[in-house]
2 protein chains.
Amino acid sequence: MDAYQAVDGFDALGDPTRRAIVACLAERPRAVGELADVLPISRPAVSQHLKVLKDAGLVTDRAAGTRRVYRLNPAGVAALRDQLETFWNRALDSYQDVVEQPNEEKS
Amino acid sequence: MDAYQAVDGFDALGDPTRRAIVACLAERPRAVGELADVLPISRPAVSQHLKVLKDAGLVTDRAAGTRRVYRLNPAGVAALRDQLETFWNRALDSYQDVVEQPNEEKS
DNA sequence: GGCATCCGTAAGTCGTAGCTTACCGTTCGT
DNA sequence: ACGAACGGTAAGCTACGACTTACGGATGCC
């Protein structure tokens with residue numbers, strides 16, 4: 001089983017349309033046509049986005065007759081969440097050094 | 001307290017170079033030149049990336065003489081983490097409905 | 001003051017991501 | 001078996017993002 005993801009999950013979530021798809025699939029599994037019906041893009045475009053999300057391990061698909069139902073992959077989402085968690089923890093450690101320094105900035 | 005974010009945080013993390021910057025800043029705050037010295041791109045390119053990350057609320061900057069020190073913003077990172085957490089929870093709820101259904105096609 | 005350092009912005013080029021239409025394979029219904 | 005519905009892929013076009021060099025402003029040191 002190839003648990004390797006061809007593209008980084010954050011690359012996949014970098015596109016707003018794909019985030020919309022993820023948000024839509026978070027509610028419930030959907031077929032490609034259902035997603036295309038909701039989104040303002042064509043069905044092939046949705047299919048291409050789903051391919052990216054699938055390669056990133058963020059969604060899984062299941063054949064159901066002529067339709068293909070996609071649903072969110074909690075494991076893939078959790079992987080990204082954990083990565084942010086790591087950044088968050090390390091940032092707090094960096095805080096320890098500069099906690100006394102006010103943040104001044106001018107735009 | 002949170003100011004309005006011009007760009008989505010996931011858009012900012014969609015670029016691998018910006019993820020490298022975030023990972024670098026997670027270890028410790030750095031100046032622009034320090035980041036450019038590590039990364040395989042020019043200093044202006046780093047500066048442009050930092051602008052995007054700043055607009056996304058992922059980093060903050062602080063003037064230190066002629067140098068400008070950037071550091072990770074834990075609040076911004078936490079916001080993205082929480083959003084993934086929401087997706088994760090909703091996906092598990094979706095699981096509850098279809099976990100017992102190998103084929104939900106009705107006849 | 002004069003100069004060097006550090007950094008942000010402007011202008012321009014180039015690669016590629018995202019969208020479309022067109023086409024083909026697969027599956028179900030009758 | 002034939003046609004319709006559903007969806008993945010190919011080819012092509014367009015727009016935008018990422019990078020570069022060049023320049024100017026701000027700060028610090030001598």
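We name chains A, B, ... by the order of the sequence lines, and we start the count at 1 in each one.
- Rounded to an integer number of Å, the gap from A:R19 CZ to C:dG18 P is 11 Å.
- With D:dC19, D:dG7, C:dG18 as the candidates, the nucleotide lying closest to the side chain of B:I41 is D:dC19.
- What separates CG of A:D11 from C1' of C:dG18 is a distance of 14 Å, to the nearest Å.
- Going from atom NE2 of B:H49 over to atom C1' of D:dC19 covers 8 Å, rounded to whole Å.
- B:Y70 has a side-chain polar atom (N or O) that falls below the 4.0 Å cut-off from OP1 or OP2 of C:dG8.
- Legend: salt bridge (Lys or Arg N to Asp or Glu O under 4.0 Å) pairs involving residues 33-45 of chain A, not counting sequence neighbours, sorted by first then second residue: A:E34-A:R67.
- Contact annotation: the side chain of B:Y70 never approaches that of B:T60 to less than 4.5 Å [non-hydrogen atoms, C-beta and beyond].
- As a whole-Å value, the separation of A:K51 NZ from D:dA10 P is 9 Å.
- For the pair A:L84/A:F10, a side-chain contact is recorded, criterion being any heavy-atom separation below 4.5 Å from C-beta on.
- When side chains are defined from C-beta on, A:R18 does not count as touching A:L13, because their heavy atoms never get closer than 4.5 Å.
- Per the geometry, CG belonging to A:D55 stands 13 Å off C1' belonging to D:dG8, to the nearest Å.
- Rounded to an integer number of Å, the gap from A:R62 CZ to D:dC6 P is 17 Å.
- Regarding B:L50, its CG atom lies at a distance of 16 Å from the C1' atom of D:dG17, rounded to whole Å.
- The closest side-chain heavy-atom distance from A:I21 to A:L50 is below 4.5 Å.
- Close to D:dC19, at under 4.0 Å from its OP1 or OP2, lies a side-chain N or O of B:T17.
- Rounded to whole Å, atom C1' of D:dG8 lies 15 Å from atom CG of A:L35.
- Note that CG of A:L53 is 11.0 Å distant from CG of A:N73, once rounded to the nearest 0.5 Å.
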All N/O pairs under 3.5 Å across the protein-nucleotides 21-27 of chain C interface:
none

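- Look at B:D82 and A:R81 and you find no salt bridge, because none of the NZ, NE, NH1 or NH2 atoms lies under 4.0 Å from a carboxylate O.
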